[in-house]
Visitor: 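Structure in C-alpha cells, see below.
Below, chains carry the letters A, B, ... as their sequence lines are ordered, and counting in each starts from 1.
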There are 2 protein chains.
Amino acid sequence: MPVASPAAVKAVPPPSGRKVPCEKCPLRDIHALREFSAKELEFVSEFKSGELNVAAGTNILLQGTNSAHLYTILSGWSFRYKMLPDGRRQILNYALPSDFLGLQGSVNDEMQHSVEALTDMTLCVFPREKLWQLYRDYPTLAFDLTWLAAREEQILDEHLLSVGRRTAMERLAYLLLVVFQRAEEVGLTRGNALQLPFTQQHVADTLGMSLVHTNKTLRRLAATKTFRWKDRRFEIIDREGLARIASYEAPKVKARRPFI
Amino acid sequence: MPVASPAAVKAVPPPSGRKVPCEKCPLRDIHALREFSAKELEFVSEFKSGELNVAAGTNILLQGTNSAHLYTILSGWSFRYKMLPDGRRQILNYALPSDFLGLQGSVNDEMQHSVEALTDMTLCVFPREKLWQLYRDYPTLAFDLTWLAAREEQILDEHLLSVGRRTAMERLAYLLLVVFQRAEEVGLTRGNALQLPFTQQHVADTLGMSLVHTNKTLRRLAATKTFRWKDRRFEIIDREGLARIASYEAPKVKARRPFI
DNA sequence: CGACTTGTTGATGTACATCAAGGTACGTGG
DNA sequence: CCACGTACCTTGATGTACATCAACAAGTCG
C-alpha cells in the first residue's frame, strides 16, 4: 500500500499584528497580476488583518477543522492535499505567491483538505467574516475571487486528466512543465532555472504513483534531456519537447490575473 | 491504450426564445436549494435569455471553442470531460439539475473541457456579457456563483484523491455513493432507487480505469450486496457499507446551496 | 396487416496473456 | 538521518478476443 511519509502536523502560529501597507505589497511588482484602483487598495488594506510567517512543514489549514481566516500567499511555496485514514496522501495542487487559500471553508463547516508549507512562507491574512462586505461593496474584487476559483478548477481538471488518463511519463512531463510555468508567471524563475522546493515523494503523491516508480520514470524522462533536476535546482531545457511528451497544450488566459 | 468510444460531436441548437418565468422555475421546488428574494427573482428573470432543449449525446460546451452562454441545468444529466489528442477521455464530474455550467469560460479564451448531455436536457441560458452586471448589482448572487465554484472544486478534490490514491474497489464504491447522494439532493431518487443514465464506459472514464477492469471490479463490489445495478436501475442497499469500503466521509455543508 | 425471422448494434460479462506499477530491500552520498 | 538510486519479485490493471443478451430495424411470409 502506498503510504506517504507521515507529515508532522505543526499548528499555525497566531497572525502577527504587523501590516505591511498594501501599497507596498510585494505582489504588486508581478507583471502578470492586475493592478488595483486606489479605492480597492484602500479596502484591501482594511480587509487585511495581519501577516503570518510560517516555517516549512507547518500546516496552514487542516482537513477536518474550520478556519476563521483566508490567506493570500506573499512569498513561499505550499501544497493543498488530502489524506485517507490509513495515511495515503494525494497532493491536489501547489500554491505559490498570489494564490488564495481557504475559500472552500465558506462552503463547508470543516475544511476538506489541508495545506502545508513547503518552504518558509509569508501570508497575508483576512478574516472570513468580512468576506461578505467585499462582495457587497467591491464587485470587482468579488469577481477576482470567482476568477481565482475558476482557475483553480481548471488546474484541477487538467490534473485529474493527468492522473486518470496520462501515462507515468506523460504525467511527469506535464507536472514539471506546469510547475515551471506557474513559477515563471510570478517571477520565481531566473532564466530557465528554478529552485524547486519539493522531493520525489511530493511528486509521487501529486501524480498518484509510488515513490520508486516516480524515481524510475524521472530517470527515463531525464534521458530525453528536456530538463535537468539536481539538488533542488530545476532547469528547463526544451519546453516544447516536454509539452509534446505530455501531450499538453497550455490554455490561453483571457486577462491578467487578479489577486486579493 | 485505453481509448474511449469516439463521441459523436453534436452541436448545440440555438436557444429557444421561450422563457418559463423564473417564479415558476422547477428548481424552486427543490428543498436543498436556497430561496430567492423578489428582487433577485426579478433580476434573474431578466438575466435569463431563453431555454435550450438538447438531446442525449449533444455537446453543450466543447473543448477548444468559446461559449457566449452560461447555463443552469433545469432537468437531465450531463458530464464534464476532457480528451487527449489520441482519444483518451477523462470524465471530470457529472452535472445535475441546479448545477451551473460555463463559468470557466470567463477565465480562458477557450473552454478547456467539454460538456455532453447524458440524457435529454433542459437548460436555462444566460448571456455571459451580463455576468458583470450580476456582480455589480447582486452581490448575493455573485456570492452564490463563488459558492458553486468552491463546491465544484471540493468535488474535484475528492475525485482526484480517488483516482490518485484509492484502489479500484474504493473508487467505485465512492463514485456510486456520491452520485446517489447528489441525485438524492435534487430529488431524482425514489426511495433507495435511481435511474442511472450512464454505462460502464462512463464509469471507467470517470475513475481512470479500463472498461474490462471496471466490469470486474463492479462484479466484485456487487458481491458485497451494498447495492444493485441492473438495466439503468440503481438501488442503494447499504450506504454506510459503501462509505466504509470507499473510506469516504461526506462533508457537512454549511448552508442550503444556491442556484442561479 | 401482423407475426416471425434475421441482422445489427451497444452494453455487458469473462478468459487469458502481457505489462506497467507497486512493495521490499539495500545500496549511495550529503 | 533523509533524499535519491536501483534491483528483484509480485500484483493490479490493461488489451485483445470472444460470448451473451436486449433493443431495434429491415425484410419476409402466412
Side-chain angles (χ1 to χ4, degrees), chain A residues 1-8 56-57 84 86-90 118-119 162-173 175-176 195-223 227-234 245, chain B residues 1-8 56-57 84 86-91 116 118-119 162-173 176 195-223 227-234:
Chain A
M1 200 170 293
V3 176
S5 53
L84 288 170
D86 65 1
R88 281 173 288 176
R89 179 175 75 171
Q90 177 64 45
L118 262 174
T119 65
S162 270
V163 177
R165 286 305 184 205
R166 278 193 244 251
T167 66
M169 277 285 266
E170 293 171 334
R171 273 182 238 189
L172 197 47
L175 178 67
L176 295 177
Q195 282 303 109
L196 255 201
F198 45 73
T199 66
Q200 294 187 2
Q201 182 67 64
H202 291 117
V203 174
D205 287 344
T206 306
L207 302 181
M209 310 175 4
S210 74
L211 178 58
V212 178
H213 194 234
T214 300
N215 182 285
K216 280 187 289 190
T217 309
L218 200 47
R219 240 78 320 280
R220 274 198 300 140
L221 186 61
F227 69 94
R228 269 192 287 270
W229 185 12
K230 189 136 186 11
D231 299 333
R232 315 243 124 172
R233 185 178 180 278
F234 177 84
I245 294 170
Chain B
M1 201 170 292
V3 176
S5 53
L84 289 170
D86 65 0
R88 282 173 287 177
R89 179 176 75 171
Q90 176 66 43
I91 294 184
E116 183 180 321
L118 262 175
T119 64
S162 269
V163 176
R165 287 302 184 207
R166 279 194 244 250
T167 66
M169 277 284 266
E170 293 171 334
R171 273 182 237 188
L172 196 47
L176 295 177
Q195 281 304 108
L196 256 201
F198 46 72
T199 67
Q200 294 186 3
Q201 182 67 63
H202 290 116
V203 174
D205 287 345
T206 306
L207 301 181
M209 312 176 0
S210 74
L211 178 59
V212 179
H213 194 232
T214 300
N215 181 284
K216 280 187 291 191
T217 308
L218 199 47
R219 243 67 334 274
R220 274 199 300 139
L221 186 59
F227 69 94
R228 268 190 289 268
W229 184 13
K230 189 137 189 5
D231 297 333
R232 314 244 125 172
R233 184 175 181 279
F234 177 83

Visitor: Specify the separation, in whole Å, of atom CD of Gln201(B) and atom P of dG15(D).
Guide: 11 Å
Visitor: Looking at CZ of Arg165(A) and OG1 of Thr167(A), how far apart are the two atoms once the value is rounded to the nearest 0.5 Å?
Guide: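 Those atoms lie 12.5 Å apart.
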Visitor: Quickly work out the His202(B) NE2 to dG10(C) P distance and round it to whole Å.
Guide: 13 Å
Visitor: Could you work out which one of dA13(D), dG23(C), dT14(C) sits closest to the side chain of Ser210(A)?
Guide: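 Selected nucleotide (nearest to the side chain): dG23(C).
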Visitor: Given that Thr214(B) and Phe198(A) both sit by DNA chain D, which one's nearest nucleotide is further toward the 5' end?
Guide: Phe198(A)
Visitor: Tell me every residue that passes salt bridge (charged side-chain N to carboxylate O under 4.0 Å, His left out) with Arg233(B), counting only those two or more places apart in sequence or in another chain.
Guide: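 So Arg233(B) forms a salt bridge (charged side-chain N to carboxylate O under 4.0 Å, His left out) with Glu235(B).
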Visitor: The side chain of Val212(B) is closest to which nucleotide in this list: dC16(C), dA15(C), dG23(C)?
Guide: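 Of the candidates, dA15(C) comes closest.
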Visitor: In whole Å, what is the span from the NZ atom of Lys230(A) to the P atom of dA3(D)?
Guide: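 It works out to 16 Å between those atoms.
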Visitor: In terms of the angle between their ring planes, are Phe234(A) and Phe227(A) parallel, tilted or perpendicular, with boundaries placed at 30° and 60°?
Guide: parallel
Visitor: Output the rounded distance in Å from CZ (Arg220(A)) to C1' (dT6(D)).
Guide: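 Interatomic distance, CZ of Arg220(A) to C1' of dT6(D): 14 Å.
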Visitor: Would a 4.5 Å heavy-atom cut-off, applied to side chains only, mark His202(B) and Leu118(B) as touching?
Guide: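 Counting from C-beta outward, His202(B) and Leu118(B) do come under 4.5 Å.
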Visitor: Nearest whole angstrom, please: distance from the C1' of dG23(C) to the CG of Asp86(A).
Guide: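 That distance rounds to 15 Å.
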Visitor: When you look for runs of 3 or more Watson-Crick or G-U pairs in a row, both distances below 3.5 Å, which of them include DNA chain D?
Guide: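 When the pairs of DNA chain D are grouped into runs of at least three, the stems are C:1-30 with D:1-30.
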Visitor: Report the residues that fulfil salt bridge (charged side-chain N to carboxylate O under 4.0 Å, His left out) with Arg171(B), sequence neighbours left out, ordered by chain and then residue number.
Guide: none
Visitor: Side chain of Asn215(A), heavy atoms from C-beta onward: which of dG22(C), dT6(D), dT12(C) has the nearest atom to it?
Guide: dT6(D)
Visitor: Please determine whether a side-chain nitrogen or oxygen atom of Gln200(A) lies at a distance below 4.0 Å from atom OP1 or OP2 of dG5(D).
Guide: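 Yes.
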Visitor: If you apply the rule side-chain contact (heavy atoms from CB on, under 4.5 Å), what do you find for Thr217(A) with Leu207(A), and how did you get there?
Guide: CA-CA 12 Å; Thr217(A) 309; Leu207(A) 302 181; over 6 Å; no
Visitor: Stepwise, does the side-chain contact (heavy atoms from CB on, under 4.5 Å) test hold for Trp229(A) with Leu218(A)?
Guide: CA-CA 9 Å; Trp229(A) 185 12; Leu218(A) 200 47; 3.8 Å; yes
Visitor: Nearest whole Å is fine: how far is dC19(C) P from Met169(A) CE?
Guide: 18 Å
Visitor: Rounded to whole angstrom units, what separation is found between the CZ atom of Arg219(B) and the P atom of dA11(C)?
Guide: 16 Å
Visitor: When you measure from the side chain of Met209(B), which nucleotide among dG23(C), dT14(D), dT6(D) comes out closest?
Guide: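 Given the options dG23(C), dT14(D), dT6(D), the side chain of Met209(B) is closest to dT14(D).
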Visitor: Of Arg232(A) and Lys216(A), whose closest DNA chain D nucleotide lies nearer the 5' terminus?
Guide: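 The 5'-side residue here is Arg232(A).
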Visitor: Any idea which of dT12(C), dG5(D), dT14(D) is nearest the Leu211(B) side chain?
Guide: dT12(C)
Visitor: Starting at atom NE2 of His213(A), determine the distance to atom P of dC4(D), rounded to an integer number of angstrom.
Guide: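 From His213(A) NE2 to dC4(D) P: 17 Å.
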